[in-house]
Number of protein chains: 2
Amino acid sequence: MRVLKYAILGLLNRKPMTGYDLSKEFSYQIGNFWSANHSQIYPELKRLLDEKLVVYNIEISGDVLEKKVYTITEKGRKEFLKWLNKDEPMEPTPKNVFRLRMYFSNNLDIETRIRLLEHQLVQHEEKLAFLLSEMQRYSGVPPFDSDDFGDYLVLDGAIMREKTTIEWLKKCIKICQSKTNCDEERN
Amino acid sequence: MRVLKYAILGLLNRKPMTGYDLSKEFSYQIGNFWSANHSQIYPELKRLLDEKLVVYNIEISGDVLEKKVYTITEKGRKEFLKWLNKDEPMEPTPKNVFRLRMYFSNNLDIETRIRLLEHQLVQHEEKLAFLLSEMQRYSGVPPFDSDDFGDYLVLDGAIMREKTTIEWLKKCIKICQSKTNCDEERN
DNA sequence: CCCGGCATGTAAACAGTTACATGATTGC
DNA sequence: GCAATCATGTAACTGTTTACATGCCGGG
């Protein structure tokens with residue numbers, strides 16, 4: 001499917017960048033649904049170069065250090081737009097190790113279940129707080145043809161996703177606690 | 001991380017199964033957060049056998065066909081429980097091609113955006129309907145130590161996830177339609 | 001007898017992570 | 001001078017998918 005290819009082309013379509021810049025991009029907004037590290041990016045850029053979908057020119061920073069600033073070509077833009085317009089079927093549900101653990105949680109002490117759930121909860125609450133702070137830079141829906149439009153939609157989606165995860169975790173904790181209380185009453 | 005290893009051990013801890021049975025399991029409840037196909041399962045079973053975490057005995061169905069029914073060993077159960085009790089940090093956000101497309105959606109016609117969103121919407125609505133029908137077999141929270149307990153929690157989580165995805169898709173469609181209406185008013 | 005599902009495997013290709021490897025620049 | 005970050009790459013390994021390959025069983 002070569003998704004990384006299109007993620008890179010999409011980013012370069014916004015503005016020219018180095019491999020290093022691309023790898024940083026994946027830790028910002030786009031990191032909420034796609035990422036890659038530099039060891040995957042550099043070989044992919046080489047391949048895109050072979051396919052003539054990008055070109056680069058070298059910039060010197062400081063005295064010697066050469067930066068390869070990649071730019072998308074017309075051919076690259078065409079391929080990217082063709083991919084972007086494709087209507088593809090829903091993807092299979094994403095893998096999630098924590099949910100796998102919970103699937104088997106009948107094998108855990110109630111206390112352990114609660115501890116594991118609460119640890120996830122604090123982490124997701126931190127993540128949500130971060131996403132909400134990111135959202136503050138938008139006062140409303142950005143212009144429909146600006147790069148911010150996509151950023152805004154997916155950021156909103158990420159916030160909704162985190163809120164739901166938090167809600168689920170709290171529900172699970174409540175269920176587990178009801179069992180603990182129930183046991184205490186019996187004693 | 002060998003997650004598949006623990007997914008298999010967890011399933012075999014419920015009851016003895018063949019490789020074929022395991023691969024079918026991944027299309028049921030557990031498929032909502034983990035899956036693997038048979039070409040990954042058979043080699044993994046061989047490895048678990050080498051590690052003495054499982055054993056098998058051969059059952060004959062019909063006249064000749066040999067089925068290898070795998071059973072978890074005491075060593076296997078110990079390793080599984082050790083893994084299950086581990087408290088691990090939150091995983092990175094899962095990859096999602098559709099959200100990647102939407103991230104770059106400023107490069108699409110408004111009509112195309114709506115079409116793509118609506119296609120996702122119908123698929124997620126179907127998925128939700130299916131999950132809700134699955135949920136009907138539960139009248140309340142199953143016993144805390146039964147296999148159904150985990151099934152119930154993660155099924156509930158999957159339902160919440162689908163509902164949120166649907167809500168997000170509808171929101172995106174509404175935003176895109178507001179633009180279309182706006183343009184029409186101008187004409 | 002034929003087809004769909006049962007049943008088990010291997011091989012090749014692709015995707016992704018972790019580790020190895022090197023060196024420059026900038027700010028303190 | 002030193003540490004953090006900028007900058008680019010390769011190698012080895014792990015995980016996953018797709019395709020190849022084979023054969024039995026049960027019902028219509």
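The chains referred to below are lettered A, B, ... by the order of the sequence lines, with proteins before strands, and numbering in each begins at 1.
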Give the rounded distance in Å between these two atoms: CG of A:Asp21 and P of D:dG9.
13 Å
Quick one: is D:dG9 close enough that its OP1 or OP2 comes under 4.0 Å of any side-chain N or O from A:Lys68?
yes
B:Lys46 NZ to C:dA7 P, in whole Å, measures 19 Å
If you check every side-chain atom of B:Tyr20, which of C:dT8, D:dG15, D:dC6 has the closest atom?
C:dT8
Starting at CD of A:Gln120, measure out to CZ of A:Arg101 and round the result to the nearest 0.5 Å.
8.5 Å
Going 5' to 3' along nucleotides 16-28 of chain C, which nucleotides have protein heavy atoms under 4.0 Å from the base (write B), which only from the sugar-phosphate (write S), and which from neither (write -)?
BBBB----SS---
Pick the nucleotide of DNA chain C nearest each of B:Pro43 and B:Lys24; which residue has the one closer to the 5' end?
B:Lys24
Length of the line joining B:Phe26:CZ and D:dT16:P, which is rounded to integer Å
10 Å
Between B:Lys15 and B:Thr71, does the side-chain hydrogen bond (donor to acceptor under 3.5 Å, both in side chains) criterion hold? Intermediate values first, please.
CA-CA 7 Å; B:Lys15 63 172 189 289; B:Thr71 308; over 6 Å; no
For A:Leu45 and D:dG9, what is the distance between atoms CG and P respectively, to the nearest whole Å?
8 Å
I need the minimum non-hydrogen distance between A:Leu100 and B:Ala7, along with the two atoms involved.
CD2-CB, 4.0 Å
How many Å lie between OH on B:Tyr42 and P on C:dC6, as a whole number?
11 Å
Quick one: CG on B:Asp50 to CG on B:Leu45, what's the gap to the nearest 0.5 Å?
11.0 Å
Checking A:Thr112 now: which residues fulfil side-chain hydrogen bond (donor to acceptor under 3.5 Å, both in side chains) with it, not counting sequence neighbours?
none
Rounding to an integer number of Å, can you tell me how far B:Ile58 CD1 sits from C:dA7 P?
14 Å
In this structure, how many angstroms lie between the C1' atom of D:dT8 and the CG atom of A:Asn57, rounded?
16 Å
Roughly, in whole Å, what's the span from CD in A:Glu44 to P in C:dA15?
8 Å
Would you say A:Thr18 places a side-chain N or O within less than 4.0 Å of OP1 or OP2 belonging to D:dT8?
yes
Electrostatic pair B:Asp156-B:Arg161, nearest N-O below 4.0 angstrom:
no
Applying ring pair (Phe, Tyr, Trp, His ring centres under 6.0 Å) to B:Phe80 and B:Tyr6, what does each step give before you reach the verdict?
CA-CA 6 Å; B:Phe80 169 65; B:Tyr6 297 105; 7.4 Å; no
